[in-house]
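Below: one structure, written as structure tokens.
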Amino acid sequence: VNAAITQAHATGLHSRQVLVVDDDPFQRELIAELIAQMGVHDVVLAADGREALHSLEHSRPDVVICDLDMAGMDGIELLRHIAERHFDGSVILMSGASSQVLATAGDLAHLHGLRLLATLQKPVDTALLEGLLISLQPAVENRTGATAAPANELPVLTGADLREGIAAGRVDVYVQPKVTVVGRRVVGAEALLRWVDDSGAIVPPMAVIAAAHEHGLVNELTMAVFTAAVGHLVEWQHEGQDLRISVNLSNEDLLSLPLPDAMSAAAQAAGIDATRITLEITQAGLLDDLSTGIEVVSRLRLKGFGIAIDDYGMGYSTLAQLKNLPVTELKVDRAFVDGAHLDTTLSEILGSSATLGRSLGLAVVAQGVETPEVMHLLEALGCDEVQGYLVAHPMPAAHFLAWKQRWDATWSGGIDGNDRS
Amino acid sequence: MPAALIHEWMSVDADALARLLNNNAAKVTHFTHKFIETTRTAVRQMSDATAEGDLTTVGRLAHSLKSSSATVGASGFASLCLEIEGACKRGDTAQVGPLVSALPPTLDAVSARLLASGAAE
């Protein structure tokens with residue numbers, strides 16, 4: 001809990017005000033609880049549109065999280081009323097309805113001039129929701145020195161912006177280094193989407209991804225990130241560096257049967273061996289359409305790509321499923337890593353992940369490693385690789401080799417670099 | 001209703017709520033009870049609405065229960081709700097009746113499983 005609070009302060013989540021509108025008492029209360037768990041102090045509940053509007057007369061939440069399908073005033077009608085009141089916070093829509101219905105509602109929200117952050121399928125993916133709430137806050141991006149759009153001017157990408165941006169090569173990546181636990185050797189990096197708009201402002205990755213979902217451009221966006229990442233790997237290879245890079249796949253990518261061939265061809269064209277590239281997938285994504293997902297993943301693996309499970313421990317991964325998937329790497333979510341040295345439940349989950357990974361011959365990577373204490377625990381538990389602020393923040397790919405040189409010098413010199421942050 | 005189907009509707013991933021709530025036993029118990037209470041009320045309303053031929057209400061409640069039951073790991077109950085929602089959209093009164101009458105016993109079985117796992121924590 002302490003770790004969650006510390007993290008909430010770091011991300012600014014604690015100072016957010018969130019209004020949750022859902023007519024189902026169970027779901028309303030549970031979503032409020034999950035948001036409170038993220039460290040948000042100020043969560044207001046409304047059982048229907050009328051209560052929501054009443055609440056908006058007295059307060060101005062940063063985000064309204066609204067269910068679409070409510071008895072009486074439904075979510076769409078509520079959106080109209082909210083827009084009429086010139087609400088300038090953000091809106092997240094959620095529904096158990098088909099993604100098409102959600103997309104339509106999303107379009108309506110845009111038409112009303114509301115700042116729509118995302119449309120989420122129920123049951124809501126809490127990691128995604130947390131990411132969205134954090135994306136409201138520019139603090140994380142500011143660390144990298146660039147200017148982020150103020151929270152109240154979150155840029156909205158249109159389909160045309162996205163398409164033109166992808167064509168114009170606006171998609172770039174930041175990279176976050178991965179090092180081995182034993183020997184602290186730099187093995188490579190994870191590529192993270194970075195989108196800078198015309199004004200020079202950084203559009204939060206979540207907003208870009210949400211827009212790509214909305215406009216059916218997910219595969220195009222993934223290929224652009226992949227191409228950018230492979231381009232950097234080529235530069236590193238030219239410098240004689242033996243490194244790997246990881247690229248995230250969206251859930252929708254797992255439904256794209258042409259993707260394995262496209263990625264394989266792109267890697268080949270760049271002169272990069274597919275075994276140097278790891279594709280990170282989520283098991284939650286696989287569950288959308290298990291048979292297509294398994295086919296896509298298996299073909300990617302056949303072409304030589306490494307496959308990492310990115311959401312290990314988040315409730316979707318089962319041993320039985322892992323055995324049947326051609327996976328090469330298990331990434332343990334930061335939720336189980338941050339503060340694990342203070343929490344026996346977390347450290348047990350970490351330990352069992354490491355054991356499971358070893359028994360299946362998988363590399364186990366811990367994400368979100370921020371303190372030397374956690375690093376020592378991972379050492380004791382037998383994790384293979386780590387990623388996190390203790391090693392390095394995400395950085396421009398052009399800075400990576402210089403960073404690696406400094407890191408290598410520190411570690412080969414035998415200096416205890418555990419205190420770096 | 002085939003026994004195998006009913007059996008499937010009762011399937012529960014009893015740890016789903018615990019994972020969401022970071023294994024906080026008190027909260028898991030609270031939300032398990034909240035789910036059962038909310039769902040019982042909705043099931044009663046669905047039975048009444050079915051008797052009155054009000055498929056709109058039945059469908060809307062089935063839609064809502066589909067999400068909440070998936071959240072607590074009652075995936076079988078969620079698929080039963082999905083079937084009811086579909087039948088309501090098609091206006092298939094003949095199918096809605098028997099499916100809705102399967103709700104109370106299924107909910108009882110699901111509730112028992114959820115509570116048993118909560119007590120075992």
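Convention: sequence-line order gives letters A, B, ...; per-chain numbering from 1.
Residues satisfying the salt bridge (Lys or Arg N to Asp or Glu O under 4.0 Å) criterion with B:Arg40, sequence neighbours excluded, are B:Asp108. Every side-chain contact (heavy atoms from CB on, under 4.5 Å) that A:His81 has, sequence neighbours left out, goes to A:Leu53, A:Met73, A:Glu77, A:Glu84, A:Arg85.
Of the listed residues (A:Leu120, A:Val124, A:Leu68), just one forms a side-chain contact (heavy atoms from CB on, under 4.5 Å) with A:Ser95, and that residue is A:Leu68.
Ion pairing of B:Asp13 with B:Arg19 is present here, as a side-chain N (NZ or NE/NH1/NH2) and a carboxylate O approach within less than 4.0 Å.
Looking at B:Lys66, only its side chain comes within 4.5 Å of chain A, counting heavy atoms on both sides. Only the side chain of B:Leu17 comes within contact range of chain A, judged by heavy atoms closer than 4.5 Å. Heavy-atom distances place the side chain of A:Asp23, and not its backbone, under 4.5 Å from chain B.
A:Glu214 places none of its side-chain heavy atoms less than 4.5 Å from the side chain of A:Thr119. B:Cys88 has its side chain within reach of B:Ile84: a pair of non-hydrogen atoms, C-beta onward, lies under 4.5 Å apart.
Closest non-hydrogen pair, A:Ala366 versus A:Val337, comes out as CB-CG2, 4.0 Å.
Remark: B:Arg90 CZ is packed, more than 12 non-hydrogen atoms of other residues, nucleotides or ligands lying under 6.0 Å away.
Listed by sequence position, B:Ser68, B:Ala70, B:Thr71, B:Val72 are the residues of residues 68-75 of chain B in contact with chain A, using a 4.5 angstrom heavy-atom cutoff. Near-neighbour residues of residues 25-34 of chain A relative to chain B, defined by a heavy atom under 4.5 Å from a heavy atom of that chain, comprise A:Pro25, A:Phe26, A:Gln27, A:Glu29, A:Leu30, A:Glu33, A:Leu34.
Remark: the A:Thr282 side chain and the A:Asp310 side chain contain no N/O donor-acceptor pair separated by less than 3.5 Å.
Rounding to the nearest 0.5 Å gives a distance of 9.0 Å between CG of B:Asp92 and CG of B:Leu55. Atoms CG and CG, on A:Asp333 and A:Leu350 in that order, are 10.5 Å from each other to the nearest 0.5 Å.
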